[in-house]
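Report on one structure; see the data block that follows.
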Amino acid sequence: AQSVTQLDSHVSVSEGTPVLLRCNYSSSYSPSLFWYVQHPNKGLQLLLKYTSAATLVKGINGFEAEFKKSETSFHLTKPSAHMSDAAEYFCVVKALGNDMRFGAGTRLTVKP
Amino acid sequence: KAGVTQTPRYLIKTRGQQVTLSCSPISGHRSVSWYQQTPGQGLQFLFEYFSETQRNKGNFPGRFSGRQFSNSRSEMNVSTLELGDSALYLCASSLAGQGSFLEQYFGPGTRLTVT
């Protein structure tokens with residue numbers, strides 16, 4: 001079985017301040033983990049993915065995430081938020097042979 | 001390379017009707033998955049097709065069906081529409097199926113409204 005929990009449904013930050021979006025996962029097997037972003041009325045865009053290589057994964061637009069097996073976490077961070085980062089973010093877990101399981105999403109608001 | 005395309009983008013149907021949604025994957029991608037996105041249930045997996053075969057199916061009633069053609073294009077059909085079927089339907093394609101860790105690429109979605 002596999003599942004993912006996004007700990008915050010809504011995060012609000014000021015432009016230029018750090019972003020932290022939290023994600024915990026559960027998987028019976030070594031999973032692959034992804035972060036996707038969805039802007040209003042758009043499809044999902046892949047930000048980054050972890051597939052058992054380096055535990056610190058760098059993605060697009062300055063985002064990165066760290067895989068911590070002991071904490072079963074895969075939190076998404078960015079040093080400095082930009083207005084264009086305002087969107088919905090989804091943490092996704094996938095085990096081999098299984099479909100992708102999405103978290104409930106975290107809505108990021110960036111204040112000027 | 002062109003991305004995943006979905007048609008139509010918006011659709012309004014009445015209860016009891018049926019609807020067919022279309023998805024064209026990225027060239028060379030053989031796996032197509034469908035998802036339903038609603039405010040209440042979030043993103044839920046419908047089914048995946050790989051080389052014209054349904055590989056996996058989510059927990060949806062039989063009113064939801066799909067198929068994949070030899071060119072990897074896929075269609076999703078919903079019969080006897082209910083109000084609760086109103087949602088954004090997303091299609092995603094991947095080079096390989098669920099036996100891999102390859103990422104999926106999503107289309108813009110079809111917004112279905114059932115009245």
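Labels below follow one simple rule: chain letters A, B, ... track the order of the sequence lines, proteins then strands, and each chain is numbered from 1.
- B:Q104 is not listed as a side-chain neighbour of A:F34, based on a closest heavy-atom distance of 4.5 Å or more.
- Each of B:Y10 and B:L83 belongs to its own hydrophobic cluster when Ile, Leu, Val, Met, Phe, Trp and Tyr are linked at side-chain heavy-atom distances under 4.5 angstrom.
- When heavy atoms are compared at a cutoff of 4.5 Å, B:Q44 does not approach chain A at all.
- Atom CD of B:E103 sits about 8.5 Å away from atom CE of A:M100, to the nearest 0.5 Å.
- A:L7 is not connected to A:V4 by any chain of hydrophobic side-chain contacts under 4.5 Å among Ile, Leu, Val, Met, Phe, Trp and Tyr, and they are in different clusters.
- Within the 4.5 angstrom heavy-atom criterion, only side-chain atoms of B:L90, from C-beta onward, approach chain A.
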A:L44 and B:L43: CA distance, side-chain angles, deciding distance, side chain to side chain contact (heavy atoms under 4.5 Å, CB included) verdict: CA-CA 11 Å; A:L44 278 73; B:L43 269 154; 3.8 Å; yes

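- Atoms CZ and NZ, from B:F106 and A:K42 in turn, are 16.0 Å apart once rounded to the nearest 0.5 Å.
- Heavy atoms of other residues, nucleotides or ligands lying less than 6.0 angstrom from CD1 of B:I12 number 12 at most.
- Contacts of A:Q45 with chain B are absent, with no heavy-atom separation under 4.5 Å from either backbone or side chain.
- With rounding to the nearest 0.5 Å, the separation of OH in B:Y35 from CZ in A:F102 is 4.5 Å.
- Annotation: B:N71, atom CG; neighbour count of heavy atoms from other residues, nucleotides and ligands within 6.0 Å is above 12.
- Surrounding CZ of B:R63 are more than 12 heavy atoms belonging to other residues, nucleotides or ligands, all under 6.0 Å away.
- B:V78 and B:L46 end up in the same hydrophobic cluster when Ile, Leu, Val, Met, Phe, Trp and Tyr side chains are linked at under 4.5 Å.
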